[in-house]
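To keep things clear, I will list the structure first and then write my remarks on it.
Just so we're on the same page: letters track the sequence lines, and every chain starts at 1.
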Amino acid sequence: MPPKLHMKFGGDAEPAPAPASSTSKPSSKKNDVSNKSTKQHSTSNASRAPSNVNQNNGLKRSQDGNPKSNTPSESQTSHKSEHDDSGRARKSPKLSSLDSKKSETRAPHKPGAKANDTQNAKVPYNGPSSQELQKAAKELEEIRMRLPVYHKKNDIRWDLRNNDILIINGETGSGKSTQIPQFLYTEPWCQKKLVTVEESDGTKKEINVGGMIAVTQPRRIAAMTLAQRVAAEMGSPLSKGSVRAGQPGTVGYSVRFDNQVPNGAKIKFVTEGMLLQEMLSDPNLRKYSAIMIDEIHERSMDVDLIAGFLRRLVHGDLKGRGGVPLKLVIMSATLDQGGVEAFFAKPNTRPDYVPGQNHGRIIAPDLIEQMALRNNGAQIPYIAGRQYEVKTFYEHEPKEDYVHAMLEIILMLHTQEPLPGDILAFLTGQEEIEALQAELEKYSQMLIAAVPRMEIKPLHGSLTPDQQKDAFVKVEKRFTRKVVLATNIAETSLTVAGVHYVVDGGKSKVKQYRPHLGMETLLIKPISKVAAVQRSGRAGREAVGKCYRIYTKADFKEMDEDGKPEILRCNVIEAVLKMKARGIIDVLDFPLMDSPDVVYMEKALNQLYAMGALQPDGSLTKNGKAMAKLPLPATHGCVLIAAADESADCLLEVIDILACLNTDQEIFLHPKSIEEQEEMSNTRADIYRREGDLITLLTTMQRYAADNTNRRVWCESHLISVRAMTMANAVRKQLRMQCVKLKLLKENPPADPQPFEPVTPERAEIIMKVFLKAFVRETAIMGPDGSYKTTNGKETIQVHPSSVLHGKKLEAIMFLQHVYTNKNYAKKVSSIQANWIAEQYALC
DNA sequence: GAGCACTGC
């Protein structure tokens with residue numbers, strides 16, 4: 001029997017491109033009805049357009065066919081791909097479970113629901129009644145039946161009854177993520193089975209295996225909204241406590257800090273990181289009958305590891321599962337799956353497959369067809385998703401200043417194209433966005449009355465969620481066009497509605513690991529073809545659109561097909577630690593979809609050994625095992641364990657610092673005005689410490705935790721991010737709990753608020769020396785020329801302006817982060833003594 | 001004197 005089947009979705013039963021409103025998306029507000037005056041005026045030239053634009057005839061790319069006016073060199077046909085899966089509320093900006101609006105991400109709640117119609121519920125149930133849930137589900141049924149994937153229900157069931165692995169190529173919009181789990185959970189193979197298993201120590205016992213499907217997602221928001229959608233479709237309550245007589249929930253989700261899995265759930269949406277952690281404690285995934293990996297094409301480090309572990313598990317002897325097979329459904333939105341196919345096939349079905357050596361891709365163009373034939377031709381034809389045509393225009397020649405070129409294109413589009421139709425421009429980072437915003441705003445002041453107004457909205461990761469939301473708000477002012485200037489956050493994570501025009505700078509910042517420097521740097525690099533198509537697709541979600549690429553057709557052809565997977569770009573220390581924790585002794589030989597360079601791997605092994613995570617024989621030490629289980633980077637785990645040692649005994653303090661370091665946002669906000677700057681320097685006096693950023697963060701957390709009036713007010717007065725501190729507090733709680741579990745802490749620490757007591761300089765020294773155990777290579781000593789030179793590599797490095805030690809001349813520094821932008825910067829800096837460094841180097 | 005995007009029992 002062939003091991004698997006490849007499927008593609010789309011389905012010719014699919015209607016022609018339809019407006020979003022015909023799909024099941026939560027809210028697909030049509031753009032406002034354009035008033036006639038808008039259409040009449042907006043095509044007129046901007047007679048007072050900016051001078052430099054006018055000099056170039058401003059409107060360079062009018063489609064008048066005149067070559068002198070820089071007409072589009074080529075127009076491409078429609079871009080397929082990327083239409084939201086039903087129920088995926090990508091239109092809303094990212095929600096955090098830490099948000100106060102958490103409840104909004106829960107199952108549908110109807111105001112009229114009776115709160116007390118359950119008899120035996122342990123937890124008061126406030127959601128809708130089961131009748132109401134069923135009624136709502138019935139209404140959704142009709143929408144479900146229109147999804148392309150719906151008609152393939154029986155094929156998919158049949159295929160998985162006969163195969164263990166199914167690879168599905170479904171465009172977003174095909175409904176694969178929401179529907180396939182529902183097709184499968186009632187299957188005979190998906191039921192819990194009582195079996196005898198053999199433990200690793202040889203003992204045998206009877207346990208239940210299977211009964212649940214896990215669906216992985218790269219993002220929390222996707223896991224939560226998909227679970228919410230599927231729960232609604234199934235008429236199932238979605239929350240932990242909502243088990244009611246005869247009505248347990250069938251669907252749940254599990255993401256960090258938020259676990260909503262009803263007892264007896266059959267379908268569970270999880271983040272990739274969450275499943276990876278689960279695999280460390282339950283390598284055989286005994287709870288599950290099937291794992292579905294969604295969006296595998298995004299190729300995060302975590303998904304690559306999961307794929308490696310699952311491949312071994314599925315093709316293994318299944319002793320740890322009492323012989324119960326684990327079904328695997330791999331889902332991707334991109335066509336190219338030669339690599340994935342070959343990787344998951346049993347090695348003997350692909351003699352040309354060499355484990356761990358498939359850098360790039362092994363593509364056998366005929367492979368897909370062969371696989372389908374072996375499976376009785378069950379392959380499903382692929383057709384375009386629900387996407388409007390997008391015309392693509394290229395530059396004739398490369399642009400030196402692409403930001404300026406973008407400015408010209410945006411002004412051209414704005415003055416020439418009718419309303420409605422917003423513009424989305426892709427830039428590389430905040431700096432560029434702000435520069436272009438300033439320019440555009442300057443010009444928009446000069447537009448004559450006949451030309452619509454422009455509203456410029458920045459959109460990037462370091463904006464607060466509220467500021468991000470601003471970019472999504474439909475501009476209500478009449479005769480106004482919204483221009484969103486975004487980083488690649490708008491490529492996959494967030495979707496802006498109302499966009500008809502995309503301007504693509506063709507570049508983005510990518511993290512790149514440099515093993516000889518031991519540094520990860522952010523580099524501006526050309527995007528991949530896949531990313532370019534993804535970007536242009538953003539123009540065709542609601543109507544026919546246009547995409548202007550600020551690069552030539554030749555540049556496009558030169559682009560990589562795909563982005564490089566993360567595991568080939570980043571420091572693999574976490575990946576190596578997880579492989580070791582999963583019992584893989586020879587990590588260099590372990591087959592992955594793409595194996596990192598041996599140099600990177602050896603570097604990681606050495607680092608782990610130096611941190612005391614590895615035995616000389618290559619197996620994990622007790623500390624190494626603990627490090628793998630902690631939700632922290634390996635270096636931070638090392639620090640935490642060192643802090644628990646009797647000789648240091650500063651675990652609680654170090655947890656406070658690590659909690660602050662492991663938020664997804666900076667704790668300290670940047671003053672925007674001189675007034676803020678002044679107020680800040682007054683209020684922050686009680687938290688800043690001369691020892692540096694680490695002790696300052698410790699003081700911040702201690703002050704925050706000691707506050708018993710209003711933490712929000714406290715944060716605001718110190719110009720500290722409420723959101724970051726809320727997350728830091730959640731991390732702190734999680735770390736404390738895990739330290740109790742790992743027996744690093746004897747008992748739960750006393751609850752807050754505890755009185756604030758400043759850290760003594762002696763104690764501060766102990767704490768910083770604990771950090772030095774993992775960061776001894778991240779140190780620099782002041783040279784005779786007044787600049788810091790790193791001890792590892794003798795590079796010149798400067799203290800980043802965000803550090804409390806910026807501008808201070810110190811004997812030596814330790815830094816936890818470094819960035820290379822226009823200079824080599826050290827961040828999270830502490831003031832240390834040179835002899836501490838020598839002492840620590842001597843120890844390792 | 002400064003910032004790609006995700007994510008973790």
Side-chain angles (χ1 to χ4, degrees), chain A residues 94 96-97 216-223 254-259 261 268 270-282 287 295 298-303 305-306 426-434 458-463 468 486-494 505 507-512 520-525 527 531 534 563 566 569-570 574 577-578 581 627-634 636-637 658 662-666 668-671 677 727 730-731 734-735 737-738 741-742 798-803 805-807 817 819-827:
Chain A
K94 65 177 170 187
S96 162
S97 64
T216 71
Q217 291 295 324
R219 281 170 285 279
R220 295 161 55 93
I221 180 73
S254 180
V255 300
R256 192 183 188 187
F257 307 126
D258 195 2
N259 184 39
V261 185
K268 181 168 128 185
V270 293
T271 45
E272 291 159 355
M274 212 62 169
L275 185 71
L276 200 52
Q277 287 305 110
E278 248 182 78
M279 292 189 87
L280 297 190
S281 52
D282 178 15
K287 273 188 277 184
E295 316 271 17
E298 293 196 15
R299 297 293 304 273
S300 67
M301 180 98 72
D302 286 353
V303 95
L305 289 174
I306 288 173
F426 286 99
L427 296 101
T428 64
Q430 185 175 352
E431 204 176 26
E432 273 180 19
I433 287 173
E434 282 169 3
L459 181 60
H460 50 80
S462 39
L463 295 173
Q468 285 186 355
T487 60
N488 47 7
I489 193 172
E491 208 174 281
T492 50
S493 306
L494 303 175
K507 295 192 160 54
S508 71
K509 288 190 187 175
V510 280
K511 206 184 254 177
Q512 182 78 48
E520 282 180 341
T521 54
L522 277 177
L523 297 171
I524 295 182
K525 291 210 155 177
I527 58 172
Q534 180 84 3
E566 193 180 9
R569 292 190 337 250
C570 298
E574 318 300 328
L577 180 61
K578 291 214 164 93
M627 277 162 65
K629 289 201 172 172
L630 288 165
L632 292 172
H636 291 190
L658 292 174
N662 285 280
T663 59
D664 52 16
Q665 238 189 7
E666 290 288 327
F668 296 112
L669 297 170
H670 194 62
Q677 168 105 48
M727 175 151 177
V731 177
Q734 191 187 27
L735 290 177
M737 214 171 66
Q738 292 200 345
K741 252 193 213 165
L742 291 167
Q798 297 194 26
V799 176
H800 193 271
S802 65
S803 170
L805 296 181
H806 176 71
Q817 297 169 357
V819 288
Y820 184 80
T821 46
N822 45 3
K823 279 175 193 157
N824 210 5
Y825 282 115
K827 296 175 87 169

Task: Atom-pair distance (CD1 on A/Ile306; C1' on B/dC6), nearest Å - done: 14 Å
Task: 5'-most by nearest nucleotide on DNA chain B - A/Arg569 or A/Ser802 - done: A/Ser802
TODO: Using atom CE of A/Met627 as one end and atom C1' of B/dG8 as the other, report the distance to the nearest whole Å.
DONE: 15 Å
- [ ] Give a yes or no on whether A/Glu431 atom CD has more than 12 heavy-atom contacts from other residues, nucleotides or ligands under 6.0 Å away.
- [x] no
Task: Phosphate OP1/OP2 of B/dC9 contacted by A/Gln734 side-chain N/O (<4.0 Å) - done: yes
Task: Minimum-distance nucleotide to A/Thr271 side chain [options: B/dG8, B/dC6, B/dC9] - done: B/dG8
Open item on the list: If I take atom CG in residue A/Asn488 and atom P in nucleotide B/dG3, what distance separates them, rounded to the nearest angstrom?
Closed with: 16 Å
Open item on the list: Side chains of A/Arg256 and A/Val731, heavy atoms from C-beta outward: is any pair under 4.5 Å?
Closed with: yes
TODO: Output yes when A/Glu298 and A/Arg219 qualify as a salt bridge under the 4.0 Å nitrogen-oxygen rule, no when they do not.
DONE: yes
TODO: State which of B/dT7, B/dC9, B/dG1 makes the closest approach to the side chain of A/Asp664.
DONE: B/dT7
- [ ] May I have the distance from A/Leu276 (atom CG) to B/dC6 (atom P), rounded to whole angstrom?
- [x] 20 Å
Task: Given B/dG1, B/dG3, B/dG8, the nucleotide with the shortest approach to the side chain of A/Gln677 - done: B/dG1
Task: Rounded distance (nearest 0.5 Å) linking atom CZ of A/Arg220 with atom CG of A/Asp664 - done: 8.5 Å
Task: Protein-nucleotide distance (A/Glu566, atom CD; B/dT7, atom C1'), rounded to Å - done: 9 Å
Open item on the list: Looking only at the side chain of A/His806 (C-beta and beyond, no hydrogens), which of the listed nucleotides B/dG1, B/dG8, B/dC9 gets closest?
Closed with: B/dG1
Task: Separation of atom CD in A/Glu574 from atom P in B/dC6, rounded to whole Å - done: 19 Å
Task: Options B/dC6, B/dG3, B/dC9, nucleotide nearest the side-chain atoms of A/Arg219 - done: B/dC6
Open item on the list: Taking only side-chain N and O atoms of A/Arg220, does any of them lie within less than 4.0 angstrom of OP1 or OP2 on B/dG8?
Closed with: yes
